Amino acid sequence: MNRAVAALAITISAVGAACSRPAPVTVTPAPTVVAVPARPNVSGNWLSATENPDGTVRRTYFTLTQEGAEIRGTIHAPTSFVTITESAWDSAGFIVTSVTRNGTNERRLTYAGRLVGDELHMTLRRRAPQGAPQGNFRPVELVARRVPAGEGALPAKIALPARHPVKDNGIARTPAMGWNSWNKFAGRVDDASVRAMADAMASNGMKEAGYVYINIDDTWEGDQRDAQGNITTNKKFPDMKALADYVHAKGLKLGIYSSPGPVTCAGYLGSYGHEAQDAKTYAAWGIDYLKYDWCGASMLHPTEDEPALYQLMGDALLATGRDILYSLCQYGQLDVWKWGAEVGGNSWRTTGDIRDTWQSMSGIGFRQDVLAPYAKPGHFNDPDMLEIGNGGMTDTEYRTHMSLWSMLASPLLAGNDLRTMTPAIHDILTNRDVIAIDQDSLGVQGTRVWASDDSAAVRKEIWTRPLAKGASAVAVFNRGTDSADVVVDFAKLGVDVRGRRVRDLWEHRAVRVSGTLYVAHVPSHGVVMLRVGR
Ligand code: GLA
């Protein structure tokens, strides 16, 4: 046991007679013995388990080995697995930290722990990112109990398949159109909301405009497989087959979400080691689309393993014999556009997650230009789902979002609440002239052919996209803060307008071109979109 001995000398004033000055007296008290509590041994496998409203359990395992004052081990939280790199003790207990580095970014995860009876109380210390209020990043208290060694360990690594080209599934000759739950509902998506979106899509004109997929994103999964290893749903989705039947009866298709890793981005079960089994389950339920999201796989595999792991599911989907659109989501790592088609992908995300802001949307959209060579029928770049109607941008900005995504031959996956959109948002999402550009059968992605001499974030840009039967789309964008008149010289853009009809796709009217020139009046953050030829 550690003991600290404190000895102090205190100088006090003795109170003497009123008329005489007190003489200083020095008293040396008897030495005080202060007991420091014994440092407990916290070695062991500890589990903190808390139930989510959907019935799944959030599990965090602290696997600790203590030697003297040093604590080593791992922390396996729902969406991360880290090794403890630093430990220390203070008067309250111990502190363990994991420092991980990704390039120049350092990530510190710190828990303060103490033993309370037979429980381990662990407090996750959260530091607000620069500029964010600390109040939103309060410490998280977890109570963990001992569990047998080995429980909560990462699964054994699976052998990666030899690489080979996955046969083209023959679907998605034009970019996918539909709706996805994540941008609006995130973890709140459930059976009722999916049915409601299918009802809305089937009755509000979206279906007629070409939207067909109703895609359930993350958080539908249970947290344990059944005894046969089959994937299960959580309380929010009581019967996936019945839900698929419902959606199909509306003339629509149902999409689902999983991960090549053991868990998804939100910490739910992924398909790792169960690829073929999950693909069969999806087919048996009647699933028509799979978004396959990397996140959790990074606990076990480096990015270099992505092609092989995506290929595994590409093969598995094909083997089901059902048409299941395969959507890769790994944020554009490892130049996915160069191998996405080979692993069977019908589309691949090219960026991190979009947010409902002009900065996010325009930042993503306008930098897709260089990826144009990789898009082709059946295999498209995916700059992420639409935010149109979610409230963070103006209608003008949402028109730009719709136009730019269509110039990019991007999947058009609405991300708003389809029951409650305004007429303006409905008009944007169902603009058939613009949708026809997105869905053009040539499947060639548009590119930037001109930009004004301003800094990128505020410049004017002209993009063109070749269309079937020799037609072209021309989009004039104004990223600046003032409206602008932009002179479009079709001759310089390489677009032949002679004898061709030129139509404004937002005004829905023919425009008059004088010679090869047209002056587009473009509002701030807005677009003028034209179709040349039928
Ligand atoms: C990632 C994806 C998102 C969404 C979430 C769900 O962040 O990029 O589109 O699917 O995971 O957890």
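Remember, predicted model here, so these are calculated numbers, not experimental data. The first residue in the sequence is number 1, and the count goes up from there. Just follow the structure's listing: the first ligand is 1, and inside any ligand the first atom is 1.
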Give the numbers and elements of all ligand 1 atoms closer than 4.0 Å to a heavy atom of Cys265. 1 (C), 11 (O), 12 (O)
Show me which atoms of ligand 1 lie under 4.0 Å from any heavy atom of Tyr331. 8 (O)
In the protein, which heavy atom is nearest to [atom], and how far is it?
atom: atom 5 (C) of ligand 1; answer: Trp182 CE2, 3.6 Å
atom: atom 8 (O) of ligand 1; answer: Asp353 OD1, 2.5 Å
atom: atom 12 (O) of ligand 1; answer: Asp218 OD2, 2.8 Å
atom: atom 9 (O) of ligand 1; answer: Lys291 NZ, 2.8 Å
atom: atom 4 (C) of ligand 1; answer: Asp217 OD1, 3.4 Å

Proximity of Asp293 to ligand 1 by residue part, where a heavy atom lies under 4.0 Å: side chain
Where's the contact between Cys329 and ligand 1, heavy-atom distance under 4.0 Å: side chain, backbone, both or neither?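 It is the side chain that touches ligand 1; the backbone stays farther off.
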So does [X] have more than 12 non-hydrogen atoms from other groups sitting under 6.0 Å from [atom1]?
X: Arg459; atom1: CZ; value: yes
X: Arg126; atom1: CZ; value: yes
X: Lys250; atom1: NZ; value: yes

Are the charged groups of [X] and [Y] less than 4.0 angstrom apart, N to O?
X: Lys241; Y: Asp245; value: yes
X: Arg108; Y: Glu86; value: yes
X: Lys184; Y: Asp217; value: no
X: Asp384; Y: Arg355; value: no

Taking N or O atoms only and a 3.5 Å limit, does Arg349 qualify as a polar contact for ligand 1?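 Such a contact does occur with ligand 1.
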